[in-house]
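Below: the structure, in structure tokens.
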Number of protein chains: 2
Amino acid sequence: MVSDASPAPAKNPVTLREVAATAGVSVATASKALNGQGRMTAETRERIRETAQRLGFRPNSLAQSLLRRRSFTVGLLTNDTYGRFSLPVMSGISDALVDKGVSVFLCNVEDDQRLGQLHVDAMLDKRVDGIIATGKRIDRHLPVDLSNLGVPVIYAFTQPDPGAIAFVSDDAGGARLAVEHFWRLGRRRIAHVSGPASFAVVHARAQAYRDVLTEKGLPVMEPLLGSWSEAWGHEAVKTLFDGRLSKRGGETPDAVFCGNDQIARGVIDALRERGLGVPGDVGVIGFDNWQIVAEATRPPLTSVDMNLAALGREAGLTLLSLVGGEPAEPGIRKLPCRLVVRQSCGRPPDG
Amino acid sequence: MVSDASPAPAKNPVTLREVAATAGVSVATASKALNGQGRMTAETRERIRETAQRLGFRPNSLAQSLLRRRSFTVGLLTNDTYGRFSLPVMSGISDALVDKGVSVFLCNVEDDQRLGQLHVDAMLDKRVDGIIATGKRIDRHLPVDLSNLGVPVIYAFTQPDPGAIAFVSDDAGGARLAVEHFWRLGRRRIAHVSGPASFAVVHARAQAYRDVLTEKGLPVMEPLLGSWSEAWGHEAVKTLFDGRLSKRGGETPDAVFCGNDQIARGVIDALRERGLGVPGDVGVIGFDNWQIVAEATRPPLTSVDMNLAALGREAGLTLLSLVGGEPAEPGIRKLPCRLVVRQSCGRPPDG
DNA sequence: GTGATTAGAGAAAACCTTTTCCCAACCAAG
DNA sequence: CTTGGTTGGGAAAAGGTTTTCTCTAATCAC
């Protein structure tokens, strides 16, 4: 009782063998005592447990993994250097796995095939139980070959191999949420400004936009495609609100559904510069719910959230069940988005 | 040559024992052949190598780690959920380590002590060779106790324990870069708008700002402290450019050095709304060089970059040398910032 | 032809834990 | 006193690799 009440100074970790020796039993008995296996006197079991506790024993995962052929480790591959999309996914995965004692190797492969191979090899050498691939867009494949790896693979927010299991956001559903929200608020001349035509999500969202308008019997303005930037938002406002267009629809829009939050920001700023009020004259909805942008616009931006953390959580849990040997249907699972309402759309007319 | 030209179908990985058996030697010889150890005929060595290659043999890292007492794995702890600062650091660390075959466990501990302990325990169980702690500000400690862990610990962009090794950005140096840049451009009435007084970096940068002004014999305006938001940038412009202040300095500023890029963005927008030109009437410099913000301002923002990737790289390399048993001086190492010049300051008068 | 090296390769221990099998002792029933 | 079952616990193998030590046969000097 002089000094050593602390759990473990731990220069080199204490092994099961030392615990067993200290408790006066064999390693086999010690192991069983600590794992609740085998048969022995309650007294023996307790004595061993107490000894382990006192010595600060922690089982060596490497030895366990070697034996169980399970490392309680998964690899996460991404090419999203800035983590704008990957980080929430990562966070969800980690949340889902930490309670089960599973750790995550994070590997940024950029868009470099060599780097990708390097990381995948390292993961396999380290005997990861599975791999999750994630990225910054769902219509591009990571620069790595993940087929026939011998471990389960899950794709999250990136393009999967055919026949694989993937989780992606339901972009069409998200777009519907936005447009239907406008509808419920009484907006009737709804425009859509989005990113480059080279992105699959641009088409998915645009199609959903058209579908909703058609269902409601509203006029469909052809979506304006450009880039993901604020500057494009500015420019699009010019196109939408300058005379040329009003010839077609007769009137200018009273709502703009934007393909991402940066475009939405540009749109809001441009509208203000023209003297148009948001949400008074025009409602605006963004996409991504990137907090740092959505809360900095004036007024704060209503935006579609892709629930990426939930997506990551699903991906993590599914991977785990795969690792556990349970079967799972291949295919692409679309997870619903949700609308985060702030102040850029106004209140319902009857509210 | 019918089907099996591919490297490895790898349902269960091929072991060294199988390679040895196939090549007709003992495992000992096989091991030595593949590692370039021991003595044997060149012919034998080559035959074993070729066999391993053909079978797609990859040594089991778990077994190697167990034996070498080195896992070639490090843990990265962060509480920066959005990764704005952690991700570049992480990227630098990973870059520095991947070539040496070291993988990184990423753990987000939020600000949750329980979660922190959980992750640290998991890391130690998995026998990481070392741990790097990183965060979102350098004057707050992570919610974990990293002393006496038995493995080397490095702090990067977070507050270290006393006596530990830490890498942080040289905020004072970064601020000097900004203010001296203004000076070289002929700006003489330089203001400083920064974040909350509760941040240590705010004081470090403010003091450097004062020092440079004093050195140059310029008037020192007391720094304006507020929040890290665009809104505060707007507000600060009011304070700076409304009559009240001009009584003191006689004139309004011709340059504003901002504590981060978001404030700078607010300042630029507010200046434009007042009809003041950037950089014509007023130059603006931000801090953080957050690309997505700095390139979206009009004009694009000159900003101080903290070189976080380089910081991560240094941290990674230092950790590795520590793991290798080399000694290292404890203490805080400040790494230089650099100024990324865009268009918000104008050109030199003689340019 | 003798003794001393050396080249080439294998046996076995070590790393740490889990699990299967086994043994000794004890007890009750026949 | 045997048979059979149970209880408490240990011995040993397994997992895959590295490394040290040992052994045999061949080469070399004399």
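Please read all numbers here as calculations on a predicted model, not as lab measurements.
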| request: Counting heavy atoms from C-beta on, name the nucleotide in D:dG9, C:dC15, D:dT17 closest to the side chain of A:T29. | output: D:dG9
| Closest listed nucleotide, where the reference is the side chain of B:N35 and the choices are D:dT18, C:dT17, D:dG10 | D:dT18
| field | Protein-nucleotide distance (A:L16, atom CG; D:dA11, atom P), rounded to Å | value | 14 Å
| task | Would you mind reading off the distance between B:R69 atom CZ and D:dT18 atom P, rounded to a whole angstrom? | result | 15 Å
| task | Decide whether A:T78 and A:S86 meet the rule of one side-chain donor and one side-chain acceptor closer than 3.5 Å. | result | yes
| request: Tell me whether the OP1 or OP2 atom of D:dG9 has a side-chain N or O from A:S26 closer than 4.0 Å. | output: no
| request: May I ask you to say what A:S31 touches in the nucleic acid, namely base, sugar-phosphate or nothing, with a heavy-atom cut-off under 4.0 Å? | output: base
| query | If we only count heavy atoms from C-beta on, is the A:K136 to A:N79 side-chain gap below 4.5 Å? | reply | yes
| So, is A:Q64 near the phosphate of C:dT18, with a side-chain N or O under 4.0 Å from OP1 or OP2? | yes
| query | Quick one: A:Q37 CD to D:dG9 C1', roughly how many Å, whole number? | reply | 15 Å
| task | Return the value, rounded to whole Å, for the distance between atom CG of A:L67 and atom P of D:dG15. | result | 8 Å
| When we call it a touch if two heavy atoms are under 4.0 Å apart, what does B:T44 touch: a base, just sugar-phosphate, or nothing? | sugar-phosphate
| Are any of A:T41's side-chain N or O atoms less than 4.0 Å away from OP1 or OP2 of D:dG9? | yes
| query | Regarding A:K126 and B:S103, is there a side-chain donor-to-acceptor distance under 3.5 Å anywhere? | reply | yes
| Phosphate-side-chain proximity, B:T15 and D:dG16, N/O vs OP1/OP2 below 4.0 Å | no
| query | So, A:R58 and B:D121, do they make that salt bridge, N to O below 4.0 Å? | reply | yes
| said: How many whole angstroms separate atom CG of B:L34 from atom C1' of D:dT18? | reply: 12 Å
| When only distance counts, do a donor and an acceptor, one from the side chain of B:K32 and one from the base of C:dG10, lie under 3.5 Å apart? | yes
| query | Atom CZ of A:F72 to atom C1' of D:dG15: distance rounded to whole Å? | reply | 15 Å
| note | Assign each of B:R39 and B:L66 the nucleotide of DNA chain C bearing its closest heavy atom; nearer the 5' end lies the nucleotide of B:R39
| said: Measuring from the side chain of B:M40 (C-beta onward, heavy atoms only), which nucleotide among D:dA11, C:dC16, C:dG8 has the closest atom? | reply: C:dG8
| Between B:K334 and B:S169: side-chain donor-acceptor atoms closer than 3.5 Å | no
| Can you tell me if the side-chain N/O atoms of A:R68 get under 4.0 Å from OP1 or OP2 in C:dT17? | no
| said: What is the distance, to the nearest angstrom, from the CG atom on B:N60 to the C1' atom on D:dG16? | reply: 6 Å
| remark: Taken to the nearest whole Å, CZ/A:R17 to P/C:dT18 is 14 Å
